[in-house]
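What follows is a single structure, written as structure tokens, with notes after it.
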Amino acid sequence: MTGHSCRRPTKAGVSIDSGWVLRVALPVVATLSIVVPLAWLWQASRVPSVYSVMDMGYHDYGVGATADTSSGEHAGHMQGDTPGQQMAPPPLVTDMVADPARPADVRVDLVARQQTLTVGGRSISGFTVNGTSPGPQIRARQGQLIEVHLRNESVRDGVTLHWHGVDVPNAMDGVAGVTQNAVPVGGGFTYRFVADQAGTYWYHSHQVSNPQVAGGLFGSLVVTPKAGIAQQVDVSAVAHTYGGVRTINGKAEDLRVPAQPGQRVLVRVANTDNGPMKVWTSGSYRLVAVDGTEVHRPTDISGRSVMLTAGGRADLEVKVAGDGGAARMQLSKATAVIVGAPGGDAPAPPQPTDELDLLSYGSPAPLGFDPAHPTRRFEYRIGRRPGFVKGRPGLWWSINGHLFPNVPMYVVRQGDVVAMHITNRSSEVHPMHLHGHHEVVLARNGVAATGSPWWVDSLNVLPGETYDIAFVANNPGIWMDHCHNLKHAAQGMIAHLMYEGFDTPYRIAGPADNQPE
């Protein structure tokens, strides 16, 4: 009969309404089809309470390389050719140090504290190094060995020091849980490295790095050339925002630099915030270095700004007018560096609509290697998608389509020429920072570089942009390759570059509570 469900008798004589079964079963099946995959994704996204960075994600050997995964090189031991034979254990990141017998040329003691800062008349909870933020500037001459003794007086979450842009030995990289344990309250750590490359750098904590750096746990590092600098005046301008207050060198006011008529002044600008900033001047200037590397044959610039990504540095040269009139360099619309006779001033110049394009600025020069024939090619595709990270649902950053912790471990061998294609498929800018290496930009959006070699350690990648970069794998160890918007890194935008065979004795979390981001 129509209008009635079919009933069939059971052995007990009780009929079952098949329509009722379908009405109950279909929602159950539909629910399970959703819940089961979500439960699997949730479980897969969780991380152990203690784990090694070596256990994260998957190994990416790149195009053009042969992966010898049978050797067990990423385990704690390597097997020999003879059954039962064990080879020597793999080298550790702790083996990568400066000559321990060499005496230090520059010795510095730094004390980290958790305390209240006064910035622009406001009290802000933060951190200091030797009682100030930024901490004291460390200056050395190229080729000198720097030795820094860090002591944690009161930073409750522990602290490390990462030498941003300096290609230090891996054991000195200052990444909690990868190259060292976080230094607890009352503890200390000694960093030793040779300042091989002259330039402008900075140091900052890489333990709970986003709140600690934002709160002031950082300072500047300057390495001058052996022959000295060409400019008569050399000044650092560290830009940082404390709780919404824009500052230069920790002060919410313009930085005034006394200089005589006709003098050339080198202004070392460092951006220690999470986002990019623009720099422009009231007159002409020359961009003489980027991220610690000199520009080859820089020319005078006017009417264009310099984009400085998070973590990046730019050395600009300005010349004081013959009449002593002040030159003004804007680090934002709120702060500026004023160079000239004491008491002099200059009106704030309008922000240029055009930016200096480093693809074509300066003149070509030899790279020292051939990027056209790399040993390995990698992809670094930045995206965003829904999913689970550490058991939490949300919209997360992805690398090559994967969410943390299932992110790539880019594997290289010492001496490799490495090429990497970076793509930003997200809607936000990402300042990409590779530890321990400098990369040369080959092309942006398919347009080849034609100017001075554009060497970076921090690269501003806008939404929709692509970059082709290259470097030589000449600094063995395990290195972070992450977004230096430290909020993004804390949300899982972290990959690593690993040299084959290396291992680390340190663990994320654990007794030291290592939390690098």
Legend entry - Polar side chain donor-acceptor pair, Ser220 to Gln137, under 3.5 angstrom: yes
Legend entry - Presence of salt bridge, Arg313 and Asp457, under 4.0 angstrom: yes
Inset, instruction - For Asn474 and Asp167, run side-chain hydrogen bond (donor to acceptor under 3.5 Å, both in side chains): C-alpha distance rounded to whole Å, both residues' side-chain angles, the deciding distance at 0.1 Å, then the answer. - result: CA-CA 10 Å; Asn474 56 7; Asp167 299 340; over 6 Å; no
Legend entry - Flag side-chain contact, heavy atom, 4.5 Å: Phe193 against Val97: no
Inset, instruction - Before giving the answer on ring-ring contact (aromatic ring centres under 6.0 Å, His included), spell out for Trp202 and His164 the whole-Å C-alpha distance, their side-chain angles and the decisive distance to 0.1 Å. - result: CA-CA 5 Å; Trp202 62 299; His164 189 112; 5.2 Å; yes
Inset, instruction - Give a yes or no answer on whether the side chain of Gln515 reaches the backbone of Glu517 with a donor-acceptor pair at less than 3.5 Å. - result: no
Inset, instruction - Please confirm whether the backbone N or O of Val93 pairs with a side-chain atom of Asn170, one donor and one acceptor, at under 3.5 Å? - result: no
Legend entry - N-O pairing of Arg286 and Asp315 below 4.0 Å: no
Inset, instruction - Check whether the ring centres of His438 and Trp455 lie less than 6.0 Å apart, and answer yes or no. - result: no
Inset, instruction - Could you tell me whether Glu317 atom CD has more than 12 heavy atoms of other residues or ligands within 6.0 Å of it? - result: yes
Legend entry - Full working for side-chain contact (heavy atoms from CB on, under 4.5 Å) between Thr309 and His484: CA-CA 9 Å; Thr309 196; His484 216 272; over 6 Å; no
Legend entry - Check: Thr247/His240 side-chain N/O donor and acceptor closer than 3.5 Å: no
Inset, instruction - Examine distances only and state if a side-chain atom of Gln212 and a backbone atom of His206 form a donor-acceptor pair shorter than 3.5 Å. - result: no
Inset, instruction - Tell me whether the centres of the aromatic rings in His482 and His430 are closer together than 6.0 Å. - result: no
Inset, instruction - State yes or no: are the ring centers of Trp163 and Tyr191 separated by less than 6.0 Å? - result: yes
Legend entry - Exam field: side chain Asn424 to backbone Ser426, donor-acceptor pair closer than 3.5 Å: yes
Legend entry - N-O pairing of Asp513 and Arg156 below 4.0 Å: no
Inset, instruction - Identify whether the distance between the nearest side-chain nitrogen and carboxylate oxygen of Lys251 and Asp254 falls below 4.0 Å. - result: no
Legend entry - Student check: side-chain heavy atoms of Arg384 and Trp396 closer than 4.5 Å: no
Legend entry - Nearest-0.5 Å distance, CZ of residue Arg246 to OG1 of residue Thr335: 5.0 Å
Legend entry - Candidate pair Trp397 and Gln491, rule side-chain hydrogen bond (donor to acceptor under 3.5 Å, both in side chains), full reasoning: CA-CA 7 Å; Trp397 305 110; Gln491 294 165 357; 2.8 Å; yes
Legend entry - Minimum side-chain heavy-atom gap Val148-Leu110 below 4.5 Å: yes
Inset, instruction - Spell out, as yes or no, whether a donor-acceptor pair under 3.5 Å connects the side chain of Arg328 to the backbone of Asp345. - result: no
Legend entry - Ring-ring centroid check Phe218 Phe127, cutoff 6.0 Å: no
Inset, instruction - Keeping the roles fixed (side chain from Thr179, backbone from Val175), state whether a donor-acceptor pair exists under 3.5 Å. - result: yes
Inset, instruction - Report the residues that fulfil side-chain hydrogen bond (donor to acceptor under 3.5 Å, both in side chains) with His437, sequence neighbours left out, ordered by chain and then residue number. - result: Tyr499
Legend entry - Check: Thr423/Tyr467 side-chain N/O donor and acceptor closer than 3.5 Å: no
Legend entry - Rounded distance (nearest 0.5 Å) linking atom CD1 of Ile478 with atom OG1 of Thr504: 5.5 Å
Legend entry - Intermediate values then yes/no, side-chain hydrogen bond (donor to acceptor under 3.5 Å, both in side chains), Gln115 and Thr128: CA-CA 7 Å; Gln115 64 184 93; Thr128 62; 2.7 Å; yes
Legend entry - Sidechain-backbone polar pair: Asp196 side chain, Gly143 backbone, donor-acceptor under 3.5 Å: no
Legend entry - Greater than 12 external heavy atoms within 6.0 Å of Arg425's CZ: no
Inset, instruction - Check whether any side-chain heavy atom of Val159 lies under 4.5 Å from a side-chain heavy atom of Leu217, and answer yes or no. - result: yes
Inset, instruction - Answer yes or no: is there a donor N or O on one side and an acceptor on the other, between the side chain of Thr200 and the main chain of Arg268, under 3.5 Å? - result: no
Inset, instruction - Can you measure from CD (Glu500) to CZ (Arg413) and round to the nearest 0.5 angstrom? - result: 4.0 Å
Inset, instruction - Go through the side-chain N and O atoms of Thr160 and Gln207 and say whether any donor and acceptor fall under 3.5 Å apart. - result: no
Legend entry - Check: Asn271 side chain, Gly275 main-chain N or O, donor-acceptor pair, under 3.5 Å: yes
Legend entry - Rounded distance [0.5 Å steps], NZ in Lys333 versus CE in Met277: 13.5 Å
Inset, instruction - Step through it carefully: locate the ring centre of His435, locate the ring centre of His162, and say whether they are under 6.0 Å apart. - result: yes
Legend entry - Leu92 backbone acceptor or donor facing Asp503 side chain under 3.5 Å: no
Inset, instruction - If the plane angle is over 60° it's perpendicular, under 30° parallel, otherwise tilted; pick one for Tyr58 and His402. - result: tilted
Inset, instruction - Evaluate whether atom CZ of Arg141 has more than 12 neighbouring non-hydrogen atoms of other residues, nucleotides or ligands under 6.0 angstrom away. - result: no
Legend entry - Criterion side-chain hydrogen bond (donor to acceptor under 3.5 Å, both in side chains) on Gln351 and Ser305, from CA distance to verdict: CA-CA 7 Å; Gln351 182 174 336; Ser305 62; 5.5 Å; no
